[in-house]
Amino acid sequence: MPHEAVSFLSLEMYKVSYARPSSASIRDANLYVSGLPKTMTQKELEQLFSQYGRIITSRILVDQVTGVSRGVGFIRFDKRIEAEEAIKGLNGQKPSGATEPITVKFANNPSQKSSQALLSQLYQSPNRRYPGPLHHQAQRFRLDNLLNMAYGVKRFSPITIDGMTSLVGMNIPGHTGTGWCIFVYNLSPDSDESVLWQLFGPFGAVNNVKVIRDFNTNKCKGFGFVTMTNYDEAAMAIASLNGYRLGDRVLQVSFKTNKAHKS
DNA sequence: TATAATT
């Protein structure tokens with residue numbers, strides 16, 4: 001082999017493998033898994049599912065800022081039948097050591113993502129911060145005490161929260177890896193992300209908003225989530241927007257909890 | 001449709 005060819009090959013690294021044969025037996029063998037413990041690693045996820053067949057790929061979705069697991073992942077099996085067996089065996093089951101059951105279902109095809117969903121992501125880029133009505137110290141103090149009583153939450157400084165990864169998995173209502181998660185109930189079926197940005201933006205730094213939709217109809221299920229960076233601003237938004245009348249609906253706004261239809 | 005999440 002000429003020297004030039006050897007040099008060329010040594011500079012490039014390729015992964016070469018045979019394409020998997022396309023057939024019905026491996027079609028739709030991809031699973032979506034939610035409710036995973038935040039501490040579960042990709043390796044542990046594979047160990048859990050490997051008893052049902054040969055895993056082709058796996059993934060755990062993580063928060064882009066903190067790297068903390070979002071409790072959601074994917075498992076692609078070699079064969080459709082393996083995926084079916086994994087659903088039978090693991091859906092609704094608690095992995096050893098877990099406190100909550102996991103959900104295992106066939107994954108949606110990414111290509112069928114709606115144009116509406118794609119458009120809504122355009123709203124997620126600005127991290128605009130409006131000067132909220134949070135400058136009066138006495139007002140802040142009273143509000144914090146009110147919320148401490150209501151939710152049993154001590155007021156943590158953002159520095160403490162962000163600096164302690166050991167807090168991952170602790171049950172602080174509304175607190176997530178990147179901020180304070182707020183549950184918004186009674187949105188109309190045609191709500192989209194922009195309404196949440198408009199409602200919460202004036203109270204401070206909004207990291208993220210999400211309207212939860214039915215996959216088939218693409219209509220809002222009546223609720224959504226807003227993540228805000230700062231506790232004070234989240235608390236003020238909740239105090240102001242809970243009971244707020246939006247059109248002919250009265251919103252219910254609170255820190256996100258784990259339990260279903262509490263309050 | 002009362003606490004998600006779709007690489």
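Here is the naming used below: chain letters follow the sequence lines, and residue numbers restart at 1 for every chain. The basis for the numbers below is simple: all heavy atoms, side chains too, and nothing from hydrogens, waters or symmetry mates. Model, not experiment: these values are computed from the prediction.
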Novice: Is the phosphate of B:dA5, meaning OP1 or OP2, less than 4.0 Å from a side-chain N or O of A:K38?
Specialist: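 The answer is no; no side-chain N or O of A:K38 sits under 4.0 Å from OP1 or OP2.
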
Novice: So, is the end of the A:R76 side chain (NZ or CZ) under 6.0 Å from the ring centre of A:F49 and within 45° of the ring's axis?
Specialist: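 Ring-cation test returns no.
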
Novice: Using atom CD of A:E100 as one end and atom C1' of B:dT3 as the other, report the distance to the nearest whole Å.
Specialist: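 Spelled out: CD on A:E100 to C1' on B:dT3 is 12 Å.
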
Novice: Of all the nucleotides listed (B:dT6, B:dA4, B:dA5), which has the minimum atom distance to the side chain of A:C181?
Specialist: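 Selected nucleotide: B:dA4.
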
Novice: Output the rounded distance in Å from CZ (A:F183) to P (B:dA5).
Specialist: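 That distance rounds to 12 Å.
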
Novice: How long is the line joining OH of A:Y32 and P of B:dT6, in whole Å?
Specialist: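 Distance, rounded to whole Å: 6 Å.
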
Novice: Please determine if A:E85 and A:K88 form a salt bridge, counting it only when a charged side-chain N lies under 4.0 Å from a carboxylate O.
Specialist: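 So A:E85 pairs with A:K88 through a salt bridge.
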
Novice: Provide, to the nearest angstrom, the distance between the CD1 atom belonging to A:I60 and the P atom belonging to B:dA5.
Specialist: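 Rounding to the nearest Å, CD1 of A:I60 and P of B:dA5 are 17 Å apart.
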
Novice: For the aromatic rings, using the six-membered ring if either is Trp, is the centroid distance between A:F183 and A:F225 under 6.0 Å?
Specialist: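 Ring centroids of A:F183 and A:F225 are less than 6.0 Å from each other.
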
Novice: Is A:F223 stacked against the base of B:dA4, taking the criterion as centroid distance under 5.5 angstrom and interplanar angle under 30°?
Specialist: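 No, the aromatic ring of A:F223 does not stack with the base.
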
Novice: Could you please spell out the steps behind the ring-ring contact (aromatic ring centres under 6.0 Å, His included) verdict for A:Y32 and A:F106?
Specialist: CA-CA 6 Å; A:Y32 171 79; A:F106 285 108; over 10 Å; no

Novice: Once you round it to whole Å, what is the distance between C1' of B:dT3 and NZ of A:K221?
Specialist: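 A:K221 atom NZ is separated from B:dT3 atom C1' by 11 Å.
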
Novice: Would you kindly give the CD1-to-C1' distance between A:I238 and B:dT3, to the nearest whole Å?
Specialist: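 In whole Å, B:dT3 C1' and A:I238 CD1 are 13 Å from each other.
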
Novice: Atom CZ of A:R70 and atom P of B:dT6: how far apart are they, to the nearest Å?
Specialist: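 The answer, rounded to whole Å, is 6 Å.
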
Novice: In whole angstrom, give the distance that lies between atom CD1 of A:I212 and atom P of B:dT3.
Specialist: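 My rounded result for the distance is 11 Å.
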
Novice: What nucleotide, of B:dA2, B:dT6, B:dT1, holds the atom closest to the side chain of A:Q252?
Specialist: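 Output: B:dA2.
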
